[in-house]
Student: 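Handing you this structure, nothing more for now.
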Amino acid sequence: MANTIYITTAIAYVNAPPHIGHALEFIQADAIARYQRLLGRKVYFQTGTDENSLNTVRAAERAGVPIERFVEENAERFKALKELQGLSYDGFIRTTESRHVEGAQKLWRACRSGDLYQKVYKGLYCVGCENFLTDKDLVDGRCSSHQTIPEPVEEQNYFFRLSAYRDRLHDLIASDRLRIVPVTRKNELMSFIASGLEDFSVSRSCERARRWGVPVPGDGSQIMYVWFDALSNYITGLGYAGHDALFDFWWVKNSNILHVIGKDIIRFHALYWPAMLLSAGLNLPREIFVHGFVTSGGTKMSKTLGNVIDPETTIRKYGIDPVRYFLLREIPATEDGDFSYERLEKRYNAELANSLGNLLNRSVSMVERYQYGILRRALPGAEPSLQPAATAVVRDYQSAMDAYELHSATAIVWQLINSANLFIQENKPWELSKNPNRQQELEHVLYEVCEALRLVSVLLWPIIPGTAEKIWRQVGMSEPLEEQQLAVAATWGLLPDGTKVQKSEIIFPRLEVSKS
RNA sequence: GCCGGUGUAGCUCAGGUGGUUAGAGCGAAGGUCUCAUAAUCCUUAGGUCCGUGGUUCGAGUCCACGCACCGGCACCA
């Protein structure tokens, strides 16, 4: 398998503040990126903001703020998530940056002659919506949101000849050369392609776009359709405009490109985008990972229902790692999942505080109490051992992670944590400590447990990096955790003989469960 | 309407190619230990495996029909 991987999230719309759904995508992509680094691969992880949409212009107007300042402030809010959510992205692209605008225009010009053509678009235009309406927007011939009768309007736009790429897109996806995860999404795409592909419009009149967006090269009357512009972020962020070394390395010469997206924008990524790249003669992505949505209290989040989960306040209340853990563990990676504080608190207490936190605390405490904090490694192969459990867990963890089954991979780590708790219970170090003749047995038992914790911290680094680091330090490791490679770090018995554990604060204090 | 998926213990879900008493985790109840964050560990749940009919010596596991819920069916981030 290739030793490099370029991972992207969808760029976020800046007309509203970040919600927990953004957090899910960022955190999933981040976990994947960190896992790839753990495997020893070179990773470039990019995210960014989509600022050129008409909806953003309207949101700015509603807020009574100049559009430039509006997008600036919102982009900053998304950038700030890097610290707040513990993200490890390498690049951030804003679609209002000149490197993006120039890149999008370059891509437009690079498209095969004839693939972009002008056509008159006729539609029903709603003045209130400032947009063309489709059948489902209409109720008895009136706009469903304004109750007005839309007027027929004609506008000359550019279209992209998607229809010409039908066979190639079909083969690409059917053969998994462009792999769609999960396979149910692939199947949906296949049946969609089978029903026929129509050309799609890729520009708007300047009036309709409010002159906000990327100008169409060579035609002052048109602004690019936001999707044409937005999709190009994956290459403009690498410096496509100037054919930078970054672009050459991560796009042109890299065969391992992964887009992490939500299920609502599959078509753009799996059909429009590859077709645009084919037209421009550029390399294609390798995989598209499609995640589900976060619901709240069992239903879709909405302001009117008042069930919107704000990631910032949630993270401030519980900490980033409990939130990361919950999103990755509770929500099946490719399906919808429900967010509730009650379930978060349950998992926190049961799995983070009781199982993991207490395991670390009891283990390190015993090493301090019984052996002055010093770990003693017995002869290799000494029994009993946690090694068989650890080996199985590493194997299962890897196969789950490789399949992007983040929730399973996370659950699998807890198998080792539970094994370690049971191991302590069965071997009773507190009894061994009372018998000087059993000193070696005691040393061995505590070594096994701490070694399991070392391994747990490595496996948890992609999931809850801050916590992983704390465990790593407490069992006495001093080298940088983020530089570990799984193939080596998974070897049993790497905690050196004579290691001094570093007992520190409780990593997950129990929560007083709020009754609801 | 068409296409696809799902429906298993209170909750969340596992259950290759059909085979003795249907599993896990959580929650709940009881118990144990004492290193530890009243944590750990052990025992306990008797659930029409959505329904009906069928194939079979035998079906949660295959087939048909039905019911319920979910997703897809283009310019919508």
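The sequence lines fix the lettering, A, B, ..., with proteins before strands; numbering per chain opens at 1. Please read all numbers here as calculations on a predicted model, not as lab measurements. Side-chain atoms are counted along with the backbone in the values below, which use heavy atoms only and exclude waters and symmetry mates.
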Student: Pick the P atom in B:rG5 and in B:rC63, then give their distance to the nearest Å.
Tutor: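 After rounding to an integer number of Å, I get 11 Å for this pair.
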Student: Counting only Watson-Crick or G-U wobble pairs whose two distances fall under 3.5 Å, which nucleotide matches B:rA38?
Tutor: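 B:rA38 is unpaired by these criteria.
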Student: Tell me: CG of A:D336 to C1' of B:rC70, nearest whole Å?
Tutor: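 After rounding, the gap between these two atoms is 9 Å.
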Student: With sequence neighbours excluded, give me every salt bridge (Lys or Arg N to Asp or Glu O under 4.0 Å) pair touching residues 423-436 of chain A.
Tutor: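 For residues 423-436 of chain A, and leaving out neighbouring residues, there are no salt bridge (Lys or Arg N to Asp or Glu O under 4.0 Å) pairs at all.
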Student: Send over the distance from A:D396 CG to B:rA14 P, rounded to a whole Å.
Tutor: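 About 16 Å, once rounded to whole Å.
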Student: Taking any strand in view, what nucleotide pairs with B:rU21 in a Watson-Crick or G-U wobble way, both distances under 3.5 Å?
Tutor: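 The base-pairing partner of B:rU21, which may sit in any strand shown, does not exist here.
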Student: Using the P atom on both, measure B:rU34 against B:rA14 and round to a whole Å.
Tutor: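 Each nucleotide's P atom is 40 Å from the other's.
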Student: Give me the ring orientation class for A:H22 and A:H19: parallel if the planes are under 30° apart, tilted from 30 to 60°, perpendicular past 60°.
Tutor: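 Judged by the thresholds at 30° and 60°, the geometry between A:H22 and A:H19 is tilted.
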Student: Does B:rC73 have a Watson-Crick or wobble partner in any strand here, with both distances under 3.5 angstrom, and which is it?
Tutor: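 Per the H-bond distance test, B:rG1.
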Student: Rounding to an integer number of angstrom, what distance separates B:rG58 and B:rG54 when you compare their C1' atoms?
Tutor: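 It works out to 15 Å between them.
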Student: Only counting residues at least two apart or in another chain, list the ones meeting salt bridge (charged side-chain N to carboxylate O under 4.0 Å, His left out) with A:E330.
Tutor: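 A:R343, A:R347.
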Student: Give the rounded distance in Å between these two atoms: CG of A:L327 and C1' of B:rU12.
Tutor: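 That distance rounds to 16 Å.
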Student: Taking atom C1' in both B:rU32 and B:rA39, what distance in whole Å separates the two?
Tutor: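 That atom pair is separated by 14 Å.
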Student: How long is the line joining CG of A:L360 and C1' of B:rA39, in whole Å?
Tutor: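 Rounded to the whole Å, the gap is 13 Å.
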Student: Output all residues satisfying side-chain hydrogen bond (donor to acceptor under 3.5 Å, both in side chains) with A:Y397, sequence neighbours left out; order by chain, then residue number.
Tutor: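 With neighbours one apart ignored, the set is empty.
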Student: Could you tell me the separation between the CG atom of A:L271 and the P atom of B:rC73, rounded to a whole number of Å?
Tutor: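 Taking atom P of B:rC73 as the reference, CG of A:L271 is at 11 Å.
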Student: Heavy atoms under 4.0 Å, any strand shown: does A:G196 hit a base, just sugar-phosphate, or nothing?
Tutor: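 Result for A:G196 = base.
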Student: My understanding is that only residues two or more places apart in sequence, or in another chain, count here; which of them pass salt bridge (charged side-chain N to carboxylate O under 4.0 Å, His left out) with A:R376?
Tutor: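 Listed in chain order: A:D497.
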Student: Is it true that A:R204 and A:E155 make a salt bridge, defined as a side-chain N closer than 4.0 Å to a carboxylate O?
Tutor: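 Salt bridge: no.
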Student: From the set B:rA74, B:rA77, B:rC41, return the single nucleotide nearest to any side-chain atom of A:L422.
Tutor: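 Closest of the options to the side chain of A:L422: B:rC41.
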Student: Checking A:E198 now: which residues fulfil salt bridge (charged side-chain N to carboxylate O under 4.0 Å, His left out) with it, not counting sequence neighbours?
Tutor: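 For A:E198, no residue satisfies salt bridge (charged side-chain N to carboxylate O under 4.0 Å, His left out) once neighbours in sequence are set aside.
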Student: Considering every strand shown, what is the Watson-Crick or G-U wobble mate of B:rC26 when both distances are under 3.5 Å?
Tutor: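 Pair assignment: B:rC26 / B:rG10.
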Student: Distance between the P atoms of B:rC26 and B:rC65, in whole angstroms?
Tutor: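 The same atom, P, in both gives a distance of 41 Å.
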Student: Between A:R454 and A:E451, does any side-chain N to carboxylate O distance fall below 4.0 Å?
Tutor: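 Yes, this pair counts.
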Student: Give the rounded distance in Å between these two atoms: OH of A:Y348 and C1' of B:rA39.
Tutor: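 It works out to 13 Å between those atoms.
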Student: Determine the interatomic distance between C1' on B:rG51 and the same-named atom on B:rA59; round to the nearest Å.
Tutor: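 Roughly 16 Å separates the two C1' atoms.
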Student: Would you call A:R324-A:D30 a salt bridge at under 4.0 Å N-O?
Tutor: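 Looking at A:R324 and A:D30, the cut-off is met.
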Student: Relative to the 5' end of RNA chain B, which residue comes earlier, A:S195 or A:I417, by the nucleotide with the nearest heavy atom?
Tutor: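 By nearest-heavy-atom nucleotide position, the 5'-most residue is A:I417.
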Student: Measure from CD1 on A:I266 to C1' on B:rA74 and round the result to the nearest Å.
Tutor: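 Rounded to the whole Å, the gap is 13 Å.
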Student: Only counting residues at least two apart or in another chain, list the ones meeting side chain to side chain contact (heavy atoms under 4.5 Å, CB included) with A:D176.
Tutor: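 A:D176 satisfies side chain to side chain contact (heavy atoms under 4.5 Å, CB included) with A:R179, A:K186 once adjacent residues are dropped.
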Student: I'd like the C1' distance from B:rA28 over to B:rC49, given in whole Å.
Tutor: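 It comes out at 23 Å once rounded to the nearest Å.
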Student: Under a 4.0 Å heavy-atom cut-off, which of residues 183-191 of chain A touch RNA chain B?
Tutor: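 Heavy-atom cutoff 4.0 Å gives A:R185, A:E188.
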Student: Whom does B:rC65 pair with, Watson-Crick or G-U wobble, provided both distances fall under 3.5 Å?
Tutor: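 Result: B:rG51.
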Student: Under 4.0 Å between any heavy atoms, over every strand shown, what does A:W227 touch: base, sugar-phosphate, or nothing? Just pick one.
Tutor: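 Sugar-phosphate, backbone atoms only, no base.
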Student: Could you tell me which residues satisfy salt bridge (charged side-chain N to carboxylate O under 4.0 Å, His left out) with A:E405, sequence neighbours excluded, listed by chain and number?
Tutor: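 For A:E405, no residue satisfies salt bridge (charged side-chain N to carboxylate O under 4.0 Å, His left out) once neighbours in sequence are set aside.
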Student: Of the nucleotides B:rA77, B:rA74, B:rC75, which has the atom closest to the A:L197 side chain?
Tutor: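 Nucleotide nearest to A:L197's side chain: B:rA74.
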Student: For nucleotides 25-37 of chain B, read 5' to 3', which letter fits each nucleotide if B means a protein heavy atom sits under 4.0 Å from the base, S means only the sugar-phosphate is that close, and - means neither?
Tutor: --------SSBBB
Student: Which value, in whole Å, describes the distance between the P atoms of nucleotides B:rG60 and B:rG25?
Tutor: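 Per the computed distance, 24 Å lies between those P atoms.
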Student: In whole angstrom, what separates A:F293's CZ from B:rC76's P?
Tutor: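 Between P of B:rC76 and CZ of A:F293: 16 Å.
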